[in-house]
Amino acid sequence: MEIVKIQIERFKGIRDLEVSVPSTLQLIAGANNSGKSTFMQALDLFFSGVDSQIECNLFQPKNQYYGKESPRALTTIKIHFSKLTTNEKNDFKEALLSRTNSFWCQLKISRTGQVKVVCSGVAEAKFIYEKLISKFTVFHIPVLRVSQHGFSDTESRRLMKAVSEVLIRKRPGPKSSDQKRFESETKRLKKLIAKVFIDAKGSAGYLLPSESEIQFEFPNNSDLLDSILDKIWIKSRPKDGLTLKEEGTGYQSLLALGLLKHIANQESSRRNQNLLILLEEPEAFLHPQYQRRVAEYLEDISKSAQIFVSTHSPTIIDATDVQNVIRLERNFSGLKLNWHPETMSEKTKGNLSRWCDSKNSELIFSDRVIFCEGPSDVSVVKKIILSIKDLSSLVSNISVISMDSRDNGDKFAELVARFNIPSLFIFDRDIHSGDRATLKKMCETFSSKLSQADYTKLDKCKPVTNDYNENMALRDTANQVLSKRHIFCLSSDIECALVTAYNKDKTIRTLLNLQVIDQATSESLGKSVGVDFHVEINKAIGSKGWHGASAKNKIKPHFAGLIVDELGTEFNQNSDLLSLRKAIREFLSSKKH
């Protein structure tokens, strides 16, 4: 039996979520405060049993959306199960939906913490629910909470949580093998200590008052385990020895992962039992090489268990099929998500996983993404974003990513469409010339194909002169078509846009100071005017200019950002960069995707 769909309503920051999930490994990714831990808590709460729900009102939303709803508005957690074995079909036949051979179970929680269970197809919902959670062995390893003063006193470190989960049963399901052994051994220990006291009293004889009585209360298993873990030492060179709590958090994280793999291997052989693991941010405090190994371990564990993993790590995203990733979007008014992506072909999955590598997968953790053709464009766009002071609250989680070529735009369009990420693509003017293959694919991905009227308009936008004003007008015409498709088009390449965005004398002086041009070239450029100046300065910096001619001796990518640093972001009227700044501002301030 496997979880195939999860629905959550009005649970902390989640307003309305419905997601389909794979039967093996599911990564939950997103920015901070996007709801990853909340998602895990909802699953944990569901499998904890009705009797433990008394504190569930602590999970009620604090968001504005909840306060505006009726006082009777319920928090609900609904999970759909499928792929049942023959025995499981018989166990849950009263709830089974014959058409799909699946069933669902739902918790409905009032604002006062009262819980009602509803299941598909039956009236005896609580009985079905209790039987259901008895079929799952669940381990939840939460995220490490770190404050400015270090680890909170109320938050044990990851390894302590893992050991506690492995050895002490906290949910209604059956005990694991290790939990049975721990319980049995602690009982033996209790008996031994009790016997020692009884023997001591008997041996003392008449020395003790005859009416005296020794009462013995053993610590509960959780307190006992905490005391033991606090006294465990790890010896490894060059260290003489550290307690487990003093050992590095990276070491603890890896050891906790080893525990989970041990459990998966041990419990996978048990018949009629399902193993569910909820693991939060396993990459914490690990360097990238170890994060890749963690991803391999997670894949291995998923062969024996259904595993949900929240992550902030581009490295783990890179090492996992993109098909196994859900992106939660940060929404302070309450997360709303409907996630039922189509199954990918092996070719599509491979292509998207390739482009969603450790360099680019930061887009999954961003609120908005801007894509540029190359690193020069990236450096300029970043400077422009930093200059938009009044939108500072919106630029804190923006990614600017180089596509490394205009021909890669369609691949990144597929990624942002799949993960529903607000995006802006910035291209040179040649994106809408030639066969337009990349542009056509992008428009199809965004369900906004180019019409014949669009093609006619773009056909008129092929620059034929070096006239500045004419090229700016052609750019505006092209962007009337392209801006509807998440695209902004420059009238040239970024280098030409730079040297035509500022005062002529300041531009020449800056290029000379940065040693992009020599003194002789500086004097020659100073004498040229109008069209001649544009032709000559584009030659000097290796720009393709407005004609898209082959570039020679192109300036290095980092110079683009240095030029903006020197000359600022007060661009000439009607220049490419001024129009680009307006497009970026509109993109950042827009509420539409």
*Asks:* Would you confirm whether Thr348, through its side chain, and Met344, through its main-chain N or O, come within 3.5 Å as a donor-acceptor pair?
*Replies:* no
*Asks:* Parallel, tilted or perpendicular for Phe81 and Phe46, by the 30°/60° rule?
*Replies:* tilted
*Asks:* With rounding to the nearest 0.5 angstrom, report the CG to CD1 distance, Leu363 to Ile421.
*Replies:* 4.5 Å
*Asks:* Can a donor-acceptor pair be found, under 3.5 Å and without considering hydrogens, that links the side chain of Asp318 to the backbone of Pro314?
*Replies:* no
*Asks:* Within this structure, what is the OG-CG distance for the pair Ser304 and Leu260, rounded to the nearest 0.5 Å?
*Replies:* 12.0 Å
*Asks:* If only side-chain N and O atoms count, and only distance matters, is there a donor-acceptor pair under 3.5 Å linking Glu280 with Ser37?
*Replies:* yes
*Asks:* Between Ala29 and Ile317, what is the shortest heavy-atom contact and its length?
*Replies:* CB-CD1, 4.1 Å
*Asks:* Backbone N or O of Pro375 within a donor-acceptor pair of the Asp404 side chain at under 3.5 Å?
*Replies:* no
*Asks:* Report yes or no: do His534 and Asp467 form a side-chain donor-acceptor pair below 3.5 Å?
*Replies:* no
*Asks:* What's the separation between atom CG in Leu25 and atom CG in Asn324, rounded to the nearest 0.5 Å?
*Replies:* 5.5 Å
*Asks:* Any idea which heavy atoms bring Asn479 and Ile487 closest together, and the distance?
*Replies:* OD1-O, 4.2 Å
*Asks:* Looking only at heavy atoms, what is the nearest atom pair of Lys359 and Ser402, with distance?
*Replies:* NZ-O, 3.5 Å
*Asks:* Nearest 0.5 Å, please: how far is NZ in Lys484 from CG in Leu450?
*Replies:* 10.5 Å
*Asks:* Which atoms form the tightest heavy-atom contact between Ser310 and Met40, and what is the distance?
*Replies:* N-CE, 3.3 Å
*Asks:* Any salt bridge between Lys83 and Glu2, counting N to O under 4.0 Å?
*Replies:* yes
*Asks:* When His486 is tested against each of Phe425, Phe587, Phe446 for ring-ring contact (aromatic ring centres under 6.0 Å, His included), which residue passes?
*Replies:* Phe446
*Asks:* Looking only at atom types and distance, does a side-chain atom of His432 sit under 3.5 Å from a main-chain N or O of Arg429, one as donor and one as acceptor?
*Replies:* yes
*Asks:* Side chain of Arg485, backbone of Ser448: donor and acceptor closer than 3.5 Å?
*Replies:* yes
*Asks:* Which label fits Trp104 and His80: parallel for a plane angle under 30°, tilted from 30 to 60°, or perpendicular past 60°?
*Replies:* tilted
*Asks:* To the nearest 0.5 Å, what is the distance between CZ on Phe412 and CG on Leu352?
*Replies:* 10.5 Å
*Asks:* Between Tyr502 (side chain) and Ile563 (backbone), is there a donor-acceptor pair under 3.5 Å?
*Replies:* no
*Asks:* Between the main-chain N or O of Leu525 and the side-chain N or O of Ser528, is there a donor-acceptor pair closer than 3.5 Å?
*Replies:* yes
*Asks:* For Ser575 versus Ala501, what's the shortest heavy-atom pair and its separation?
*Replies:* CB-CA, 3.9 Å
*Asks:* Using the rule side-chain hydrogen bond (donor to acceptor under 3.5 Å, both in side chains), only one of Glu281, Gln291, Arg292 pairs with Ser313; which is it?
*Replies:* Gln291
*Asks:* Say whether, by atom type as modelled, one donor and one acceptor occur between the side chain of Asp428 and the main chain of Asp430 under 3.5 angstrom.
*Replies:* no
*Asks:* In terms of side-chain heavy atoms, does Thr311 have a donor or acceptor partner in Glu283 at a distance below 3.5 Å?
*Replies:* yes
*Asks:* Quick check for you: to the nearest 0.5 Å, what is the distance between Arg330 atom CZ and Lys36 atom NZ?
*Replies:* 9.0 Å
*Asks:* Assess, by modelled atom type and distance only, whether the side chains of Ser366 and Ser399 contain a donor and an acceptor separated by less than 3.5 Å.
*Replies:* yes
*Asks:* Side chain of Lys504, backbone of Gly526: donor and acceptor closer than 3.5 Å?
*Replies:* yes
*Asks:* Which heavy atom of Arg475 sits nearest to which heavy atom of Ser491, and what is that distance?
*Replies:* CB-CB, 3.8 Å
*Asks:* Side chain of Asp576, backbone of Leu490: donor and acceptor closer than 3.5 Å?
*Replies:* no
